[in-house]
Amino acid sequence: SQQGEEDPQALSIQEGENATMNCSYKTSINNLQWYRQNSGRGLVHLILIRSNEREKHSGRLRVTLDTSKKSSSLLITASRAADTASYFCAPGSNTGKLIFGQGTTLQVKP
Amino acid sequence: NAGVTQTPKFQVLKTGQSMTLQCAQDMNHNSMYWYRQDPGMGLRLIYYSASEGTTDKGEVPNGYNVSRLNKREFSLRLESAAPSQTSVYFCASSEQVQVNEKLFFGSGTQLSVL
């Protein structure tokens, strides 16, 4: 199993701005998932992008995947204070187990 | 549906005590997982169960045992708690482990070992 590494570790923006966070991984994947964790809560699945997809949208979320660079990015457009949370990527490989990195902590200031 | 339910939500133990964290899911999922989360360390996989009757080690299994009691329930046991096991523990489930299905998480158990 492999772990995704999120970058930056922390991000602070104003409400209404866009937030971009990145994920890098080391070996081949079947898919890559992004999760959100609000303070003191369990992780919540946001979006899954398969290895043969390059971009995927869900509401204000846009995820890209570049398998040649072994990287993914999560873009949150028109951020809101409620988007304040930690965001984790999880590369999915043939082992099936998901290993999470340290995440990106996003603070959206009102 | 309740999803994934963990009990207890909070627990304080003394070093050397034992306890079992309980987890149950009502989504008819085949696979279940236990993670621990420490500040600055992200989530680390302790054990997982691909299907009823099977369990496998994750990244940090030492000091823990698990039981997949039935399809719904997956428990984590600390036989002799140590301060290093102070952490927040999350249980999760998914339809299948082999095809990287999305995980559904419980709300966590905050454990302190004094």
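These figures come from a predicted structure and were not determined experimentally. Chain letters run A, B, ... following the sequence lines, proteins first, then strands; residues in each count from 1.
With a threshold of 4.5 angstrom between heavy atoms, B:Gln6 does not approach chain A through any atom at all. Contact annotation for A:Gln37: only side-chain heavy atoms (C-beta onward) come within less than 4.5 Å of a heavy atom of chain B. Contacts between B:Tyr35 and chain A at a heavy-atom distance below 4.5 Å involve the side chain alone, from C-beta outward.
Looking at residues two or more places apart in sequence or on another chain, you find no salt bridge (Lys or Arg N to Asp or Glu O under 4.0 Å) involving A:Arg80.
In summary, the side chains of A:Ser73 and A:Asn22 do not present any donor paired with an acceptor at a separation below 3.5 Å, with no hydrogens or angles considered.
With respect to the salt-bridge test (charged N to carboxylate O, under 4.0 angstrom), the residues A:Glu5 and A:Lys26 qualify. A:Asp83 has no carboxylate O lying under 4.0 Å from a charged side-chain N of A:Arg36, or vice versa, which leaves the two without a salt bridge.
Between B:Phe104 and B:His29, the two ring planes are tilted [angle within 30° to 60°].
When the heavy atoms of residues 58-85 of chain B are compared with those of chain A, the residues falling under 4.5 Å are B:Glu59, listed by number.
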Practice prompt. Check step by step if side chain to side chain donor-acceptor pair (under 3.5 Å) holds for A:Ser72 and A:Tyr25.
Written response: CA-CA 9 Å; A:Ser72 174; A:Tyr25 57 92; over 6 Å; no
Discussion item. Please determine whether side chain to side chain contact (heavy atoms under 4.5 Å, CB included) holds for the pair B:Phe90 and B:Val4, giving the CA-CA distance in whole Å, both sets of side-chain angles, and the decisive distance to 0.1 Å.
Written reply: CA-CA 10 Å; B:Phe90 290 99; B:Val4 179; over 6 Å; no
